[in-house]
Amino acid sequence: MNESAENSGIEKLHLLLFTVGAAHFGCHSSQILEISDYNNHDDDLRWFHDLADYGTAPSYLKPTVITVKTENAGYQRVVIDRMEAITEFSLSRMVPVPALLESRTNQNGIWGVLLRHNQLTLLVDICRMLKKG
Amino acid sequence: MNITLRKKVLLLVCVAMFAIATVLSFISVSNIQTRGKERVAGIRATLLSERKLQLQNLVDMGGRTLAKMSPDEMKKVARNMKYGESGYLWIQDFNNFMILHPDPRLDNKDGSGITDPNGVAIIKEITKLCRENGSGFLNYAWRKPGSEVKVPKISYAKTIPGTSWIVGTGVYIDDIEQQVAKEEAVIQGELKTTIGQYLAISLLLSLLLLMITVFLVSRYITGPLTAISNSIKTFDNDLTIKIPVRSHDEVGMLGAWFNEYIAKLHAVISMVSTVTEKINTNANVIASSVDQQSGFSSQLSSSVMEISSTMEEFSSTATQIAYHSQGVVERADATLEETKRGAEEVEGLSARINDIYGMITDDMNEIIDLGKKSKEINKVMELINNIANQTRLIAFNAALEAASAGESGKRFGVVAVEIRRLADSVVESTAEIERKITEIQDSVNRLVMSSEKSSLLTREGQEFAINTVTLLMENVSGVEETANAARQISLSTQQQQIASSQVVLALKDIEQGIHAATASIHDSNKVTDELASLSEQLRSLVTTFKLSPATPPQDPG
């Protein structure tokens, strides 16, 4: 894992990387309790695009359910698209939030941007997104 | 006799007037003469009546006087009773005896034999009158006293009442004739005067009537007739002339008829002109048409000659066809045998195709089974893929657990990452296998479709072979029919050969007919040329008539 080897600094982030539509997201792995297959018979699911205030629903190629820890020792099941990796990153790889997204950082739970393979990965706080939603 | 109409009319009027004047003069003269005669007769009658009345009065008076006397006294008194210069009375009895008469030659004598120059027995006649009527007048001729010339005389005698004697007296009436002659002379003078006056008046009236007649004849007869005559004289084919019509009598009607005749002639000449133009045009068209017909006839003649030649060739060809048709019959028989053999060969071919069809069907079933098995492999691959996904999911959860375990879970996390990578590799491999299986399935499908197509083509080939056999079998009968038809063709060709010979003869007749028609067309051409020449002459004649330009030509049709 090159990214782990690379991230041998002091401050490190342990992130679950996934995609929803064409966008890449990452959340702290400590917020995730479990990962399971999506079953459309489940009825207690929240869809990630609803939490992230997408205008229109994107197409999910390989929907996966993550179980997110919430306050009061509860949990909430959220549907994301294909998972990419669970890995560590150095804080030095974080870049400033683009001015375009800056106004939405607090509203949509976006708390940072990570540059990875020349792609921007938005770091989100799913717990805060669930609390807001 | 070259006498003008005016002279004739005037002569006729003169004759008529002369006749009228003559008749009127004759009637007038006759009337005058009749009135003169009546006047003379009246004068004569008047004078005679006066004399008779005078005589009657004298005799009545003498009779009444003598009746009262004795016979002697009667003689004496009667002898003395004289009147006028020579008037006297005589007495006689009914026996014609003259009792008293101043002439001694008669006195006291029998007077039965006394007659006048005309044979009148004077005494007897008087006796007869008195015996029958008692009195009466008698005309006769008698000598005047002192003269021996006998002149006309009238006597009246009457029976003396109470006696058997007759008393009578007479007067000479030659003076009456003299007066009548004078009166007749006066009447003749008046007659001559009247005739002269009549003649003068008739002459004057005749002259006056003649002048009036001359005027009227000149104005109403000869004038218009002269105008008509001058118009006709100066006609010169001018159909636009009009004679002025000033009256409604015969001359006016003659002028009107002349104008009407000229108008009709104008219309007729206009029509003739139009017709002539059309005849001329049509003659030219006919001439052109006849020329074309002549050309057509020549072409037709050459065409018929070509047809004759062609028909002769046709006849020769028909002979060759008849010859060759026999070869066709023989060839058709050979074809029949070959067709039968071909049908047997095609039946064998059909059996081979049927075998091939069975083999293709078996191969296709094998291929379909292969496709089904490849689908079963696909199911296995799906199973493997699911397992790989589950493994991947487990690897993620393991990594998640390793992350949450901190440093102690790092080694486990590495294992989890490797397991996930292995799972990803399996997924990729299964995806590759799925693609390959899909390709195999596509190939199988294409092979199945190709085999189905081959099977279909084989089936069609088999059907074609069957159809070919059927056709060949039908051809057998067809070839038999062909052979029969070829025989029929041979027979028909022979008949055709005969018919074509007849056609050649008929075409020669037609050729002769066309020659005759060509000669007729040449004659027609001459006639048409003559017609065109005549129409041209007629047009030249028509152009000699002067026509009104305002009059539209009338269509004769």
- Would you say the side-chain atoms of B:Asn397 pair up with the backbone N or O of A:Ile35, donor to acceptor, closer than 3.5 Å?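 At least one qualifying donor-acceptor pair exists.
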Could you check whether atom [atom1] of [X] has more than 12 heavy atoms from other residues, nucleotides or ligands sitting under 6.0 Å from it?
{"X": "B:Glu345", "atom1": "CD", "value": "no"}
{"X": "B:Tyr357", "atom1": "OH", "value": "yes"}
{"X": "A:Tyr38", "atom1": "OH", "value": "yes"}

- Which atom names give the shortest non-hydrogen contact between A:Ala85 and B:Arg420, and what distance separates them?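 Result for this residue pair: CB-NH2, 4.1 Å.
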- Would you mind checking which part of A:Ser29 comes under 4.5 Å of any heavy atom in chain B, side chain (CB onward), backbone (N, CA, C, O), both or neither?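 Contact with chain B: backbone and side chain both.
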Enter the distance from [X]:[atom1] to [Y]:[atom2] here, rounded to the nearest 0.5 Å.
{"X": "A:Glu88", "Y": "B:Lys410", "atom1": "CD", "atom2": "NZ", "value": "5.5 Å"}
{"X": "A:Glu34", "Y": "B:Phe396", "atom1": "CD", "atom2": "CZ", "value": "14.5 Å"}
{"X": "A:Ser36", "Y": "B:Ile394", "atom1": "OG", "atom2": "CD1", "value": "12.0 Å"}

- Message: Test side-chain contact (heavy atoms from CB on, under 4.5 Å) on B:Asn389 and A:Asp37; report intermediate values, then the result.
- Response: CA-CA 9 Å; B:Asn389 281 329; A:Asp37 282 335; 5.7 Å; no
